[in-house]
Amino acid sequence: MAVLSLFLAWRIKHKNEDAVWLWGMSVVCEIWFAFSWLLDQLPKLCPINRVTDLNVLKDKFETPTPNNPTGKSDLPGIDVYVSTADPEKEPPLVTANTILSILAADYPVEKLACYVSDDGGALLTFEAMAEAASFANIWVPFCRKHDIEPRNPESYFNLKRDPYKNKVKSDFVKDRRRVKREYDEFKVRINGLPESIRRRSDAYHAREEIKAMKLQRQNRDDEPVESVKIPKATWMADGTHWPGTWMNPSSEHSRGDHAGIIQVMLKPPSDEPLLGTAEDTKLIDLTDVDIRLPMLVYVSREKRPGYDHNKKAGAMNALVRASAIMSNGPFILNLDCDHYIYNSQALREGMCFMMDRGGDRLCYVQFPQRFEGIDPSDRYANHNTVFFDVNMRALDGVMGPFYVGTGCLFRRIALYGFDPPRAKEHHPGCCSCCFGRHKKHSSVTNTPEENRALRMGDSDDEEMNLSLFPKKFGNSTFLVDSIPVAEFQGRPLADHPSVKNGRPPGALTIPRELLDASTVAEAISVISCWYEDKTEWGQRIGWIYGSVTEDVVTGYRMHNRGWKSVYCVTKRDAFRGTAPINLTDRLHQVLRWATGSVEIFFSRNNALLASPKMKLLQRIAYLNVGIYPFTSIFLIVYCFLPALSLFSGQFIVQTLNVTFLSYLLTITVTLSILALLEIKWSGIELEEWWRNEQFWLIGGTSAHLAAVLQGLLKVIAGIEISFTLTSKSGGDDVDDEFADLYIVKWTSLMIPPITIMMVNLIAIAVGLSRTIYSVIPQWSRLVGGVFFSFWVLAHLYPFAKGLMGRRGRTPTIVFVWSGLIAITISLLWVAINPPAGTNQIGGSFQFP
Ligand SMILES: O=c1ccn([C@@H]2O[C@H](COP(=O)(O)OP(=O)(O)O[C@H]3O[C@H](CO)[C@@H](O)[C@H](O)[C@H]3O)[C@@H](O)[C@H]2O)c(=O)[nH]1
Ligand SMILES: [Mn+2]
């Protein structure tokens, strides 16, 4: 920081009189870079590491005591939410596998409930989920019997390592073979679903048409028969109409509007273990294996024209309400449809923090996102390790990591907009980060039982006011009654007023008889599209609306109330998902994230407006999230500078003197040391770090600029921003796993980086030829420009590779456009500033 400020001061004082424009542009950019570097560095000042101890959790909650002689688990309930939106981009097989990994998770079955949100309302997804529910009957007990990992069948059966290692049970070989065969059949059924739904629907449709025609003939015997038009529909196997969309939401037959649908696919299990027998399935012997399955519910919220559905945030809020009525787990795990549970103990790991001493002040436990199916060289920095293993982990030492949309375990009352307990006792302002405390052991400890009223609202004195609940949460009394008004360690206390009404609030398990038709009907009413009208859903309650990165805002709101979050890095990855490895898809993903950031920047959720409960460093971290896309403007200018300097024969400084060079050297050396430190601390590799640098420039010059423009359009012209889903590959093609990497799809996002590359290449050529053909070649003048040009090009190398495709098949349009632009710029330059101009050949750019 010291060297940087001295350097900037020197730069400002020492104008390049020969090229003031070049000097001015570069100094402005450098000041911005220094500022954005600070925003990125400061939140890393108090890094910590955390470790969990699952045995302590077991000791405390699952060991027999005099009060609990059987040692029946006393862990709190968890509702798991899985979001999917389009069966074409998100293959139902992928979602089905995720569901199976959740149903098989190592957590007390009666405490676990799984909700699938299908924003497409597609029959295809619905039937795939039903198939998964049925396959779970063999898959889940098999996993329990043989301790299978991971519990996602597709990944498990594709494991490269020896499946028989460490397996002791004698019938493992036989069981595995049988389950594998079942899984293959399951896959065939899932993959055959689109065809069978189409055929079935066509058949029903034809039948209906004939019926209608007959009817018409009977009624009007003498009139000629006209053809009967019946709107096409999707038919379910039992011969009833599917109330959702036709085949899939993006098809021409539907605009995605549909009724609200809830289907309980697996009923809540019995409270006591249900041990299997040898005959339970004719396939494998399940003697002494618990064969119960967690509850599974399919939910598709209602969609109607004229309503803003608020993308994923809207879908999640519908689930929050429906699940409050159906199982009301005090904790909520959120997963994208492609993120499955890779470590069956993951839920317990998260619970370690939630149930720890002081854990009641945690709003969520975020797990790092880990990815599969990425090309070995990770060309576009998809693993994002610098973010997940440096920034997020470091932030854990302040108020906690951001919420990143998936792999996050929430406390339900934090989502409801309540304040953390003991909010008043906490002293804001003081940053309690400390440098000595490097290891925090998380063990589960007793806290004195206390009975706390929960607080809500911006003013500190606003006590809980029950009469305001319907206004905030909407009109469902079921829902309002399910809200705990007092809690202990995330669990509602038994003295909740609604107990008197006969419904156990926040019941850890719902008794079977409670999940009756009226409960489901109530749950359907809270997923209707008008339910949120004039309530605080999306404003202060639940997932927050108004940004395509709903995740960041939602977490921000909680930190803003004084909640803390925790980052849970497990030895064995907790969850794993997929990421787009195609350049275009990746750029669009980065574009969405950056646009979301710009939306946040121009909203009331800008970190500059944060509450005093937000710690300074945390605020800086959030400010950084909102501001980073704007760096693109300066980055693009800076990438053209070396070229401009080559064309003009000028440089950003008047002379390459000792002071300038030693500043440059010191800054480079300190930055390298810093990078080394981060690499050492986080355990990432140098290559990953370098990929991150490269993609920072690629994204910075393309997607981030577009995001700034889009964001400005939204602010100025009110143009809404859509959510472009990233396609998830089915992972089915074994021969060419990374085919996606080589597909070249044109997008206008590519124009700026291509232009930068071309201009820099031409500039090197121009500079080189001018030096060669000049009377007295001044090689030293060339060096600076060429060096920095190469530096820019080195960063853009993965991008260039991406344009080449596999066999160098790049759309000609790419070359035509970029060639044209590059030539125009060069010509323009030559016209303004002829290269042979004598006025510049002086000592202006020489080594001293
Ligand atoms: O209208 C919508 C749009 C999206 N989704 C779901 O949102 C998830 C994320 O979409 P994806 O295209 O996979 O986005 P990614 O860029 O991979 O996701 C990251 O970034 C998003 C914010 O931009 C977060 O919502 C995600 O959780 C986070 O993983 C998927 O499960 C979708 O099914 C919906 O349910 N409804
Ligand atoms: Mn995703």
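Quick note: residue numbers are just sequence positions, from 1. Both ligands and their constituent atoms are indexed starting at 1 by order of listing.
Between Asp740 and Lys745, none of the side-chain N atoms (NZ, or NE/NH1/NH2) sits under 4.0 Å from a carboxylate O, so this pair counts as no salt bridge.
Annotation: side chain to side chain contact (heavy atoms under 4.5 Å, CB included) contacts of Thr549 (sequence neighbours excluded): Ser547, Asp551, Val552, Trp593, Ile600. Residues satisfying the side chain to side chain contact (heavy atoms under 4.5 Å, CB included) test with Ser83, not counting sequence neighbours, are Lys312, Met316, Asp336. Not counting sequence neighbours, the partners of Thr631 by the side chain to side chain contact (heavy atoms under 4.5 Å, CB included) test are Trp32, Phe33, Ser36, Trp696.
Ring planes of Trp543 and Tyr81: tilted class, angle from 30 to 60°.
Residues of the protein with a heavy atom under 4.0 Å from ligand 1 are Ser83, Thr84, Ala85, Glu90, Asp119, Lys311, Lys312, Asp336, Cys337, Gln369, Val404, Gly405, Thr406, Val548, Thr549, Glu550, Asp551, Gln589, Arg592, Trp593, Phe723, Leu725, Thr726, Lys728, listed by chain and number.
Judged by a 6.0 Å distance limit and a 45° cone about the ring axis, Arg592 is positioned over the six-membered ring of Phe723.
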